[in-house]
Chemist: 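Quick one: this structure, given as structure tokens, is what I'll be asking you about.
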Amino acid sequence: MATPPQTEAPAAMWYIGLHDTHHGGNSSHQDDKLAEASTHANDLGYNMNTFPITTARFRSHIQEIVDTHYHTEKYSLESTEPNPIVAALTPEDSILVPSANTSQLLAVSSSWIDLASADPLVADISRQVFGLEIAYASFCGISQVLTPGPLLPDGTISMSGLSQYARAIYEALSVSAYLHIHVVLPFSPVKSSGSTLFSSLAGSSDVHLSRSAAQRHPESVEKQGSFTAWEAWEFIRTFCKYSPRISVALVVPKSIPSFSIQARWVAEPVSTLIMPKSSFILNKHKQPVLQKPQQTLLTRFMRLRHTPWILLDESSNVSGNNSPNSSYSSASNLEPTPAEAAASNAGLFHSISSDPAPRLSYLRVLQRRDTFRPPMDVFGAGYQDVLQMPLQPLADNLESVTYEVFEKDPIKYEWYERAVAFALHDWIDAKHPGSCPDGRIVIAVAGSGRGPLVSRAIAAAKAVGIPVDVWAVEKNPNAYVLLQRYARERWNNQVTVVKSDMRSWKGPQHPDGTSYGVDILVSELLGSFGDNELSPECLDGVQHVLSKNGISIPSSYTAFLTPIASPRLHADLVSKARGSSDAKTIFNVPYVVMLHQYDFLSWNTRAQQPGQQNIQAQEDTTTTTEPALSLKTPTILPTWSFNHPIPPSILSQSALRRSGSAQGGGGGPTGGDGANVHNNRFCRLVFPCPKRGVCHGFAGYFETTLFKSEKSAEDRYGDGYTGDSDDEEWEEGDGLVELSTNPLTMDRMSKDMISWFPIYFPLRDPVTFPDHSELVISMWRQTDDRKVWYEWLVESFTTVGEGNVVRLGATELHSSKESGCLM
Ligand SMILES: C[S@@+](CC[C@H](N)C(=O)[O-])C[C@H]1O[C@@H](n2cnc3c(N)ncnc32)[C@H](O)[C@@H]1O
């Protein structure tokens with residue numbers, strides 16, 4: 001069980017900035033120019049604005065240096081002449097000065113340089129320029145720098161120069177510990193004659209240094225698909241060792257990319273969304289709006305815990321409203337959404353002619369409209385992607401406040417009540433006698449905590465209309481005090497409270513000291529991976545109290561796994577490991593975490609529903625079509641299950657082992673007598689991964705059957721539970737009560753249940769794999785009679801040629817033995 005948070009989701013704040021290279025302030029004083037530009041942006045309603053680190057004059061000066069060097073007779077690839085040195089900046093080269101305003105600025109490093117150039121001269125000059133800019137910006141107190149990615153002037157990614165580019169970023173990060181670099185990248189590279197990215201961020205692509213060099217050292221034309229930009233980013237951040245001080249500034253494209261690439265970017269640390277004018281269209285009212293898919297994409301990003309900034313690029317000439325004919329015609333068949341129409345009627349949009357910032361006004365409308373949050377997001381606000389050590393309720397005594405948080409779950413306890421009611425009905429219908437000497441059915445809640453399941457068991461019996469004998473067993477001495485109080489004040493002395501470890505409890509007792517059996521044993525000892533809070537070991541240990549036909553609620557549970565890309569979690573663990581004297585352990589612990597920014601790596605395509613269209617991934621050269629979000633299903637596979645009660649023969653064998661006798665064998669494979677080896681498990685799961693990616697770890701979930709009735713639905717019809725619940729549905733159901741945290745079944749089994757976050761098994765070295773690969777997870781549940789722990793590794797395979805399966809690699813074996821759960 002996770003420790004769920006107790007905060008409410010804060011109202012969404014959209015932090016929107018202005019990028020306008022045409023507005024540099026009119027004042028002749030440098031710091032006044034900065035202040036003027038900020039005031040201009042603030043007056044328009046922006047939260048911040050960008051500023052180039054160096055001036056156009058500096059750019060011309062560098063261009064001159066490069067051109068002169070090219071045109072000297074001395075220049076050739078084989079030349080031993082040194083490259084020119086770019087002299088230190090002069091006051092004319094930069095408008096920046098250290099000032100109070102710098103904290104509000106997002107400085108932009110020059111995009112007319114090319115750190116990834118194939119031309120050694122351009123690469124060298126670019127490194128010098130970049131170094132000067134970063135050092136001076138840091139000196140001025142700038143902490144946020146927007147740096148164009150390794151793009152060629154035609155908008156494609158320079159793959160051959162990527163390592164040089166990554167190196168420059170890595171070195172820039174070492175200039176100041178406070179510097180954060182936002183690498184500008186497209187969702188997918190789009191080849192164009194004059195890239196918007198360049199023209200908008202640099203002024204003009206004509207002056208790009210690489211243009212001078214292009215004739216001499218043409219970039220080899222590399223095949224670029226929809227994942228190329230992401231792969232470039234993946235390379236850069238890996239080079240920079242997952243530094244938390246680099247992130248992506250993603251340019252929102254005019255045509256929306258395929259779902260897989262959207263999902264991939266949503267999982268990444270995207271700090272900024274750059275919106276050129278071209279990403280807007282004009283609606284009927286000639287107001288700039290976003291098309292539905294872009295709105296959806298934007299909303300998805302803006303609901304993230306780390307909400308990106310939005311940067312409206314007002315410099316670019318490629319514009320929705322600047323080219324009314326083309327954009328209006330493309331938009332004319334798009335009706336405004338009802339909300340847009342209402343907003344327009346209500347005057348929320350200014351008319352385009354009177355509004356100096358129409359795109360900003362439109363985004364503010366979207367911001368105000370975006371109020372919906374799913375219950376889990378509200379409940380878990382502030383806990384998204386926070387790695388927590390799993391609770392150990394067996395080894396530790398929980399605090400009251402922890403129980404209080406569990407008890408907020410609106411579903412779990414009600415489902416337990418249903419399960420007990422069904423069990424009572426089945427017991428009565430089977431004409432089993434109650435085990436209490438007076439004939440009552442005996443219910444025991446093993447691990448009662450503060451007693452919510454005790455209250456539910458009493459309510460179920462009342463609703464079914466039979467008297468029961470109720471026992472509450474708890475080993476936490478503090479909870480025991482409260483249980484005794486509740487027995488008097490809430491449960492009218494109907495409940496007998498026992499302070500005991502359930503494994504050593506002898507069962508309900510007559511006043512003369514002889515024990516009798518428990519008919520329905522209720523427990524909730526489940527962790528995020530089902531068995532990780534040692535429910536199997538505890539329930540084995542208390543099974544001896546069950547009567548002949550005794551029922552366990554839950555009757556079974558199954559753990560599930562799927563591989564995920566989770567760069568934020570990985571970066572978090574890398575930084576924890578950096579500051580830890582015990583770095584090895586950090587990646588050998590399964591964590592409880594409300595997974596938030598992650599991407600499922602294994603998925604399959606469901607049959608298409610009539611009327612549902614495939615989204616064509618226009619820029620995707622690796623596949624022809626992309627299924628829509630609703631048609632993609634993650635592959636989440638069962639690992640293993642536990643059933644209760646277990647066959648007595650297993651318990652007898654366990655007892656034989658525990659005795660240490662010759663018949664008990666040679667002990668457990670990982671230590672101890674082997675008395676708990678029947679709770680060892682192993683699974684090997686094969687996950688097909690259609691798209692390339694990086695696996696950082698696995699997400700784990702569980703499903704549990706609390707109770708499954710022996711009776712058919714027909715038998716039950718008309719014999720339904722008539723308790724307090726006004727939910728009619730289950731009364732005539734099939735007597736099956738399940739809980740699930742598995743994303744594939746949670747809505748069907750226990751929608752809106754919030755008690756458990758998923759579990760996350762990390763990998764120290766992420767696994768990179770190409771399209772059409774298989775990730776194979778091997779996982780073990782291990783025990784030495786004192787502890788239980790997990791061990792895991794991943795192998796990756798791909799198929800080449802005519803079905804030749806090639807192993808790409810395997811990770812080391814991870815083991816949580818050191819932080820294992822104490823029995
Ligand atoms: C996850 S909490 C659930 C508490 C409560 N049933 C609820 O749903 O709110 C598990 C409880 O079981 C208790 N527990 C765990 N192992 C136990 C054992 N071997 N014997 C008795 N109590 C145990 C813990 O102290 C804790 O109170």
Side-chain angles (χ1 to χ4, degrees), residues 1-4 388-420 443-460 470-484 486 490-491 495-507 518 520-545 552-554 557 592 644 676 679 702 704 706 737 739 741 750 753-757 759 786-788 821-823:
M1 175 168 286
T3 309
Q388 301 179 69
M389 292 296 279
L391 292 177
Q392 290 210 29
L394 176 56
D396 303 328
N397 289 323
L398 304 181
E399 302 290 331
S400 180
V401 68
T402 310
Y403 289 114
E404 191 178 324
V405 177
F406 302 158
E407 291 164 17
K408 289 202 167 94
D409 193 302
I411 302 298
K412 181 182 94 176
Y413 297 100
E414 192 178 327
W415 263 235
Y416 263 93
E417 184 179 332
R418 288 178 184 191
V420 174
I443 302 178
V445 178
S448 306
R450 303 198 312 176
L453 293 179
V454 177
S455 300
R456 292 293 182 156
I458 294 170
V470 183
W471 292 72
V473 183
E474 175 56 57
K475 58 97 194 162
N476 179 343
N478 310 309
Y480 171 64
V481 179
L482 206 60
L483 286 170
Q484 291 173 94
Y486 288 168
R490 292 192 179 173
W491 302 322
V495 177
T496 313
V497 179
V498 179
K499 158 79 181 72
S500 171
D501 186 311
M502 64 182 83
R503 294 168 295 178
S504 46
W505 183 43
K506 293 197 167 52
V518 170
I520 301 175
L521 182 72
V522 183
S523 68
E524 195 285 87
L525 304 161
L526 301 172
S528 295
F529 202 44
D531 53 76
N532 61 302
E533 289 183 9
L534 308 194
S535 183
E537 284 70 19
C538 289
L539 293 185
D540 285 358
V542 71
Q543 183 171 316
H544 64 271
V545 305
S552 170
I553 295 177
Y557 32 92
V592 168
H644 299 285
N676 195 35
N679 285 324
F702 76 91
T704 177
L706 293 182
V737 188
L739 302 177
T741 65
S750 51
M753 184 176 71
I754 52 180
S755 275
W756 290 274
F757 294 155
I759 202 161
R786 288 180 301 119
K787 267 185 182 181
V788 171
C821 310
L822 295 171
M823 287 171 60

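In each ligand, atom 1 is the first atom listed, and ligand 1 is the first ligand listed.
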Chemist: I want to know if ligand 1 touches Tyr403 in the polar sense, i.e. an N/O pair below 3.5 angstrom.
Modeler: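 Between Tyr403 and ligand 1 (N or O atoms, distance only) the closest approach is under 3.5 Å.
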Chemist: Could you tell me whether Asp501 approaches ligand 1 through its side chain, its backbone, both or neither, with non-hydrogen atoms closer than 4.0 Å?
Modeler: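 Answer for Asp501: both.
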Chemist: Specify side chain, backbone, both or neither for Lys412, according to which of its non-hydrogen atoms lie closer than 4.0 Å to ligand 1.
Modeler: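 It is the side chain that gets close, since no backbone atom is under 4.0 Å.
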Chemist: Is there at least one pair of N or O atoms, one from Tyr413 and one from ligand 1, spaced under 3.5 Å apart?
Modeler: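 There is such a contact, yes.
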Chemist: Give, for atom CE of Met823 and atom SG of Cys538, the distance between the pair rounded to the nearest 0.5 Å.
Modeler: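 Spacing of CE (Met823) from SG (Cys538) equals 8.5 Å.
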Chemist: Check whether the side chains of Trp491 and Ser455 place a donor and an acceptor atom closer than 3.5 Å, and report yes or no.
Modeler: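 A pair is found: one side chain offers a donor N or O, the other an acceptor, under 3.5 Å apart.
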Chemist: I'd like to know whether ligand 1 has Tyr416 as a neighbour, heavy-atom separation below 4.0 Å.
Modeler: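 Tyr416: no contact with ligand 1 (<4.0 Å).
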Chemist: Are any non-hydrogen side-chain atoms of Trp756 and Leu526 less than 4.5 angstrom apart?
Modeler: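 Yes. Closest side-chain heavy atoms under 4.5 Å.
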Chemist: Is it true that Glu474 and Lys499 make a salt bridge, defined as a side-chain N closer than 4.0 Å to a carboxylate O?
Modeler: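 Lys499 and Glu474: not salt-bridged.
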Chemist: Between Gly449, Ala395, Gly447, flag the one that comes closest to atom 6 (N) of ligand 1 by a heavy atom.
Modeler: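 Ranked by closest heavy atom to atom 6 (N) of ligand 1, first place is Gly447.
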Chemist: Under a 4.0 Å heavy-atom limit, does Asn397 contact ligand 1 with its side chain, its backbone, both, or neither?
Modeler: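 Asn397 to ligand 1: no contact under 4.0 Å from either part.
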Chemist: When you compare the side chains of Asn397 and Asn478, does any donor N or O come within less than 3.5 Å of an acceptor on the partner?
Modeler: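 Short answer, no.
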Chemist: Any non-hydrogen atom of Ser500 lying under 4.0 Å from ligand 1?
Modeler: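 Right, Ser500 reaches ligand 1.
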Chemist: Does the N or O separation between Glu474 and ligand 1 drop below 3.5 Å for any pair?
Modeler: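 N/O-N/O distance below 3.5 Å exists for this pair.
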Chemist: Any sub-3.5 Å donor-acceptor pair from Lys475's side-chain atoms to Met502's backbone N or O?
Modeler: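 Judged by distance alone, no pair lies under 3.5 Å.
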Chemist: Assess Ala479 for proximity to ligand 1: is some non-hydrogen atom of it under 4.0 Å away?
Modeler: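 It does not, in that no heavy atom of Ala479 comes within the 4.0 Å cut-off of ligand 1.
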